[in-house]
**Q** 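What follows is a single structure, and I will ask about it in a moment.
Values below: all heavy atoms of this structure, side chains included; hydrogens, waters and symmetry mates excluded. Each chain gets a letter, A, B and so on, in the order its sequence line appears, and its residues count up from 1.
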Amino acid sequence: MDELFLSYIHGNSSLHRLDPRTKLVALMIISVLLLQTFTFPKLGMFAAFFVLLAYLSGVSKRVFVRSIRPMLVFFTFIFLMHLFLTEGDPIFQIGVIRPTFEGLMAGTLITTRFVLLILFASLLTATTRSTLITNGIERLLRPLPLKRIGLSSFDIATMMSLSIRFVPVLLDNARQIRYAQIARGLDTRHNMFRTISTTITPMIRESVSTADELATAMESRCYQGDFRTSLFELKMRAADWGVLCGISGLAVLSFV
Amino acid sequence: MIHINNLSYQYPDGTLALDSVDMSIDKGEFVALIGKNGCGKTTLVRHLNALLTPTEGSVSVFGMDTKDKSGVWNIRQTVGMVFQNPQTQFVGTTLEEDVAFGPENLKLPPNEIRKRVDRSLREVGLLEYKTHAPKALSGGQMQRAAIAGVLAMEPECIVLDEVTSMLDPGSRGNVLDTIQQLHQSGKTIIYVTQRIEEILPLADRIVSMNNGKIEFMGTPHKYLASVESDIPAITNLMRKLKAKGFDVRDDVFAVDDAFLEILKACDKRKTETSDNG
Ligand SMILES: Nc1ncnc2c1ncn2[C@@H]1O[C@H](COP(=O)(O)OP(=O)(O)OP(=O)(O)O)[C@@H](O)[C@H]1O
Ligand SMILES: [Mg+2]
């Protein structure tokens, strides 16, 4: 996967310094608002807001472009679906192929919305290290009665950071298994189902032993699954409350 | 500080991995635990921090019985453990976060965690890499990171289970240097290995296991004197010289010692031949 996809870019901007909880809540509010936006002028306002924040963050444009890139196929697909499958005035017609003006509008609207969602999300990940994101989520989840389903907010946070740490390792293992098999003459590159089945068995075996060793290592470093502290202290400052008030204000305004 | 009394351990599947083991480890000692594959080294050391508890007999660490559930976290903080695979014991997304994992579990306040993380990373010589992701670290650096992660919990004793077996020779040397420094700073070290050469110059005591039992316990020199095969190249050379009539000790393993012994033997020969002639 691309190195810069949703990755943290070290910096010390005002956005970097905001508490992760502020940024998480702001992202949630912005996402809800975005999904309720049906006009181009309003989308334009969101885009302008993004550009302003991106400028403030000091993160280079490249990072954002890279965040969009892996999703391009998906965006194109959504756009074409709307273009060809929406009823309305045809732009032209060749047989059953019949793009419509309404489809063009809807497709553009929806893909822009998704692009903006990803951009705002990448703004969060680019200005917040992943530990702080998980810590922030942990703090936001802490008041919930998760005990009833046998979990603690700390478990969830640990699971999330372990996923961030180990998903790339497991993907890497899968790639090595594939290469090892190709090197031994088991070339399944043209048969997707065989690739999946021949890769998955060793991969599961490997993942189980990885998980086992990991659990032992964590236990011997006193991991208990309940309350733990953190190297990074979360602290809501005046700026955080300011940002939250501002965004909530916008939200209220846009609903009336 | 660690007392193992008549310890036997049977895995749930019936394998008897340890058979009446008795042993004590003093504070500040460097003990090397050696033996063939499957002889029970890992099983033994996992009893030292209560990852496993005895089927029979007992293990006590600083007076705490490992069977006593309430003392488990205290024992794990006192006896830190480093494992073989660098990848699967690195839990953080960056080096400093990984080292912080233990202190975070000990519920220390952030400023104390920060102090310990920086101190431990400095001790293993990785402070400048503290914001690096695991991908940017070599196997040897990751093992030293694992040592730092244990140090940050301020243990009395550190157990290392074949920590160099997945490393290239260069990194192996760095890791061994780090371990030697820890020993010199007063930590008790229990080092499990299959490579006898790497540990002979460092260990105070060699414990050799076979089939779940302790076979030999004593100083490196005594150990060498007691074994026939599986000896370091230098010791082997000295034995051959001795067999040819040279008057050398055959329980040395360090290049410098061997060099002195050979020089002495040669001088002796010279004087003998000149006396005769
Ligand atoms: N989880 C387990 N379940 C059942 N038997 C086990 C388990 N782990 C180890 N054993 C068995 O217990 C015996 C001792 O194993 P142990 O891992 O302690 O040996 P070791 O000296 O550490 O070997 P190595 O040098 O390969 O690491 C072996 O016969 C092994 O097959
Ligand atoms: Mg072992």
Side-chain angles (χ1 to χ4, degrees), chain A residues 1 3-4 6-12 125 128-135 138 154-155 157-173 176 206-235, chain B residues 42 45-46 48-52 72-94 96-118 130-131 133-136 146 149-153 155 158-159 161:
Chain A
M1 190 157 295
E3 288 283 311
L4 289 175
L6 295 185
S7 58
Y8 173 68
I9 309 297
H10 194 70
N12 193 24
T125 55
T128 322
R129 52 177 92 237
S130 60
T131 333
L132 284 180
I133 297 183
T134 46
N135 282 357
E138 186 276 310
F154 296 95
D155 282 323
T158 310
M159 280 189 245
M160 284 181 21
S161 56
L162 288 179
S163 315
I164 297 172
R165 159 82 180 93
F166 281 99
V167 166
V169 174
L170 294 179
L171 290 178
D172 210 47
N173 283 351
Q176 279 173 11
E206 192 126 353
S207 314
V208 167
S209 81
T210 299
D212 213 40
E213 288 172 19
L214 181 62
T216 311
M218 286 169 62
E219 261 185 62
S220 57
R221 280 160 83 183
C222 294
Y223 181 70
Q224 305 165 58
D226 58 1
F227 177 77
R228 55 202 295 272
T229 50
S230 171
L231 172 62
F232 301 105
E233 200 167 12
L234 299 190
K235 203 167 197 178
Chain B
T42 299
V45 293
R46 286 190 181 192
L48 303 182
N49 76 344
L51 282 173
L52 296 174
V72 166
W73 306 114
N74 237 330
I75 290 173
R76 291 195 182 154
Q77 190 252 307
T78 312
V79 180
M81 192 161 302
V82 184
F83 299 86
Q84 179 173 21
N85 188 337
Q87 277 289 343
T88 54
Q89 56 188 319
F90 196 106
V91 296
T93 45
T94 63
E96 60 179 4
E97 286 164 23
D98 182 63
V99 176
F101 185 76
E104 288 174 348
N105 292 333
L106 298 177
K107 306 174 178 51
L108 298 172
N111 54 351
E112 174 66 16
I113 299 179
R114 171 52 71 194
K115 256 193 265 165
R116 288 190 181 201
V117 166
D118 287 355
K130 68 178 178 184
T131 56
K135 252 194 302 189
V150 164
L151 277 181
M153 304 204 300
I158 302 176
V159 177
D161 190 355

**Q** How many angstroms lie between CG in Asn135(A) and CD in Glu104(B), if you round to the nearest 0.5 Å?
**A** 7.0 Å

**Q** Does any heavy atom of chain A fall under 4.5 Å from the side chain of Gln87(B), the backbone, both, or neither of them?
**A** both

**Q** If I compare all heavy atoms of Ser130(A) with all of Thr93(B), which pair ends up nearest, and what's the gap?
**A**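 Looks like OG-OG1, 3.3 Å.
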
**Q** Between the main-chain N or O of Gln89(B) and the side-chain N or O of Glu213(A), is there a donor-acceptor pair closer than 3.5 Å?
**A** no

**Q** Could you walk me through whether Asp226(A) and Lys107(B) pass the side-chain contact (heavy atoms from CB on, under 4.5 Å) check?
**A** CA-CA 10 Å; Asp226(A) 58 1; Lys107(B) 306 174 178 51; 3.9 Å; yes

**Q** Go through the atoms of Val99(B) and report whether side chain, backbone, both or neither lie under 4.5 Å from a heavy atom of chain A.
**A** backbone

**Q** Do the side chains of Arg165(A) and Val91(B) get nearer than 4.5 Å, heavy atoms only?
**A**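 In short, these two side chains do not touch, never coming nearer than 4.5 Å.
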
**Q** Kindly determine whether Arg221(A) and Asp98(B) satisfy side-chain contact (heavy atoms from CB on, under 4.5 Å), including the steps that lead there.
**A** CA-CA 11 Å; Arg221(A) 280 160 83 183; Asp98(B) 182 63; 3.5 Å; yes

**Q** Chain A heavy atoms under 4.5 Å from Glu96(B): which part of the residue, side chain, backbone, both or neither?
**A** both

**Q** Do you know which two heavy atoms are closest between Cys222(A) and Arg76(B), and how far apart they sit?
**A** SG-CB, 3.7 Å

**Q** So which of Leu214(A), Ile164(A), Thr229(A) has the largest heavy-atom pair count under 4.5 angstrom toward chain B?
**A** Thr229(A)

**Q** With a 4.5 angstrom heavy-atom cut-off, could you sort out which part of Leu231(A) is near chain B: side chain, backbone, both or neither?
**A**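 Contact with chain B is through both the backbone and side chain of Leu231(A).
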
**Q** If I measure from the heavy atoms of chain A, does Pro155(B) come under 4.5 Å with its side chain, its backbone, both, or neither?
**A**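 For Pro155(B), neither part sits under 4.5 Å from chain A.
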
**Q** A side-chain contact here means heavy atoms from C-beta on lying under 4.5 Å apart; do Thr131(B) and His10(A) qualify?
**A**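 No, too far: nothing below the 4.5 Å cut-off.
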
**Q** Chain B heavy atoms under 4.5 Å from Phe166(A): which part of the residue, side chain, backbone, both or neither?
**A** side chain

**Q** Once you round to the nearest 0.5 Å, how far does CG of Leu48(B) lie from OG of Ser220(A)?
**A** 12.0 Å

**Q** Would you mind telling me which of Ile113(B), Thr88(B), Asn49(B) has the largest number of heavy-atom pairs within less than 4.5 Å of chain A?
**A** Thr88(B)

**Q** Which heavy-atom pair separates Trp73(B) from Glu219(A) by the least distance, and what is that distance?
**A** CZ3-O, 3.8 Å

**Q** How would you list, by chain and number, every residue that makes a side-chain contact (heavy atoms from CB on, under 4.5 Å) with Thr216(A), sequence neighbours excluded?
**A**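 Partners of Thr216(A) under the side-chain contact (heavy atoms from CB on, under 4.5 Å) test: Arg46(B), Leu51(B), Phe83(B).
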
